[in-house]
Structure formats: structure tokens, C-alpha cells
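Notes to accompany the following structure.
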Amino acid sequence: MTIGILAVQGAFIEHERMLESLGVSCRQLRQKSDLSGLDGVVLPGGESTVQNKLLRELDMLDPLRDMIKGGLPVLATCAGLILLAEHISNDPAVCLGTMPVTVRRNAYGRQTGSFMKEAPFEGVGDVNMIFIRAPYIEEAGKGVQVLARVDGRISAARFGSQLGISFHPELGGDTRIHQYFLQMVKGRKQN
Ligand code: GLN
């Protein structure tokens, strides 16, 4: 199994370390030719405006979108969730647009928006969620399964093989969300 981690900007190393600690081999995705032969993809947190621009410049956007639409499992965290969203309520710059959700960027305020909160995550249990200038999902479209809410706001959702999370499961040492994602990847490999 090989998991590709988008490595053009942002917190990709932390995902790589966590997946490698679970015995999974990873490949950093920096150019179009890195995209072949993957079993799953991680879109890390960072700055979605920069990631969106780089994906276009590197000609990676269209192939990545095709792969995700074709069912390649994807774990998208924070800025990665913004890349997946079909609509962004406070930004016109849609990127991949494969997940039928509306997200709000920097939804908790720019400077004071980092915090931790424990909340239940469906299929995983109670999780300590770390938010860093995070978005949240304002609206979940048809077929989207809500997996977690914090203060009534959606912080995790799944649409088929796309898992979108507004917090940072790669920080803090709890590997259960990555394991949940790996189950999605294994489930697809068997089909
Ligand atoms: N605020 C960032 C954005 O809007 C996301 C923050 C993050 O990924 N931690 O792109």
C-alpha cells in the first residue's frame, strides 16, 4: 500500500510520520509524475490559497480531481478540506470541488482561532480535536455523512471515499483517525 501526501505546502511531514508509524509507506506528492500508482491520498493543512495556486501551476489539479472522482480514498484536513469543498462561503476560489459541502474558511476568527476540544467522532470514539485557524462545514449536501460536530458545527464528514476533517488529527499522537482512513483504503483495495 502506498499513500501519497500532497507536499507542496503545509503540514505534510506530520501526516507522513503518523502513517509511517503505522507501517504504511508514503510518497510525497510534489509533481504530476508523483501521482501514479497510489492507494490513497492525504491533503494536509496549511494555506489553501497557496496550495490551490501551486496545484494549478504544477498541473496537478486536474489529474488529482480525476483520481478522487474515480474513487481514490482521500483524507483531507483543514486546508485540505477547503480544497475538496464544492463551495466556500467566504471565498470564490474553489479548488478540487469534489465534495458536496459548503465550508467557511477561518471560521473561528483569524488570530484567536486555535483551540482544542474533545468530541465524539462516529466510528472512532471521543477524540481530542486540535483546530488551527480552521474552517467548518456549514452545509452538507446529499450523500454526505456527518461524523463529528463541535458546538453544533460540523468538524468531520465523509462522502463515499472522501474524508474531510476541519481539525488536525496528525498532531497529538492519536492515530485512530488515520487508522479509520486506512480501513477505507483497504476496503477499496479489496473491491
Ligand atoms: N486557514 C487556512 C486556510 O484557510 C487553513 C488552516 C489550516 O490548515 N490549519 O487555508
Side-chain angles (χ1 to χ4, degrees), residues 3-19 26 28-30 40-58 60-61 64-65 68 73-119 121 127-140 144 146-151 153-159 162-178 180-181:
I3 302 293
I5 305 177
L6 187 65
V8 295
Q9 191 270 340
F12 52 89
I13 293 285
E14 290 80 358
H15 282 285
E16 184 175 284
R17 287 200 187 118
M18 188 161 270
L19 287 167
C26 296
Q28 294 187 5
L29 309 177
R30 296 177 183 277
V41 168
V42 175
L43 305 178
E47 193 50 49
S48 58
T49 309
V50 178
Q51 294 180 357
N52 188 357
K53 182 170 171 280
L54 289 170
L55 280 176
R56 284 168 206 272
E57 282 174 11
L58 294 163
M60 292 168 80
L61 182 62
L64 201 52
R65 185 190 289 117
I68 294 170
V74 54
L75 167 61
T77 61
C78 207
L81 166 63
I82 297 167
L83 300 188
L84 278 192
E86 232 171 50
H87 305 282
I88 307 165
S89 59
N90 54 349
D91 191 335
V94 168
C95 184
L96 294 158
T98 53
M99 189 170 187
V101 294
T102 302
V103 298
R104 171 166 287 273
R105 288 184 64 191
N106 299 313
Y108 300 93
R110 250 171 208 283
Q111 301 304 331
T112 55
S114 301
F115 60 98
M116 270 193 310
K117 190 105 191 206
E118 192 170 275
F121 189 110
V127 170
N128 197 16
M129 302 179 182
I130 301 171
F131 295 85
I132 304 171
R133 294 191 305 111
Y136 61 70
I137 297 175
E138 280 184 334
E139 259 179 68
V144 175
V146 173
L147 298 176
R149 287 178 198 269
V150 166
D151 297 336
R153 290 165 168 164
I154 302 170
S155 61
R158 179 171 173 178
F159 178 66
Q162 302 177 51
L163 180 57
I165 294 181
S166 67
F167 57 93
H168 285 266
E170 78 282 13
L171 303 177
D174 182 348
T175 58
R176 287 176 298 160
I177 289 181
H178 287 76
Y180 178 99
F181 171 62

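Since we're looking at a predicted model, the values are computed, not measured. For ligands, and for the atoms within them, numbers begin at 1 and follow the listed sequence.
Contact annotation for Thr77 and ligand 1: no heavy atom of the residue comes within less than 4.0 Å of the ligand. By the criterion of a heavy-atom distance under 4.0 Å, both the backbone and the side chain of Glu47 are placed next to ligand 1.
Side-chain contact annotation: Glu138 with Thr102, donor-acceptor N/O pair under 3.5 Å absent. Side-chain contact, Thr98 with Glu86: no donor N or O sits under 3.5 Å from an acceptor N or O. A donor-acceptor contact closer than 3.5 angstrom is absent between the side chains of Arg149 and Tyr136. With no hydrogens or angles considered, no side-chain donor-acceptor pair links Glu47 and Gln9 at under 3.5 Å.
Geometrically, ligand 1 and Ile132 share a nitrogen or oxygen pair separated by less than 3.5 Å. Taking any N or O of Asn106, backbone or side chain, at least one lies under 3.5 Å from an N or O belonging to ligand 1. Between Thr49 and ligand 1, not a single N/O pair is under 3.5 Å apart.
The aromatic rings of Phe131 and Phe115 lie parallel to each other, with less than 30° between the two planes, well short of the 60° mark.
Every atom of ligand 1 with a heavy atom of Gly45 under 4.0 Å away is listed here by number and element: 8 (O). Interface of Ile82 with ligand 1, defined as ligand atoms under 4.0 Å from a residue heavy atom, comprises 3 (C), 4 (O), 10 (O).
Summarising the contacts of atom 5 (C) of ligand 1 with Gly46, Ser48, Pro135, the nearest heavy atom is found in Gly46.
With respect to atom 7 (C) of ligand 1, the closest heavy atom belonging to the protein is Cys78 SG, 2.8 Å. Among protein heavy atoms, atom 3 (C) of ligand 1 sits closest to Arg105 NH2, 3.4 Å.
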- Criterion side chain to side chain donor-acceptor pair (under 3.5 Å) on Arg105 and Thr49, from CA distance to verdict: CA-CA 11 Å; Arg105 288 184 64 191; Thr49 309; 3.0 Å; yes

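A salt bridge is absent between Arg104 and Asp91; no separation between the charged side-chain nitrogens and carboxylate oxygens falls under 4.0 Å.
By the salt bridge (charged side-chain N to carboxylate O under 4.0 Å, His left out) test, Arg176 is found to be paired with Asp174, residues two or more places apart in sequence or in another chain being considered.
The shortest heavy-atom distance from His168 to ligand 1 is under 4.0 Å.
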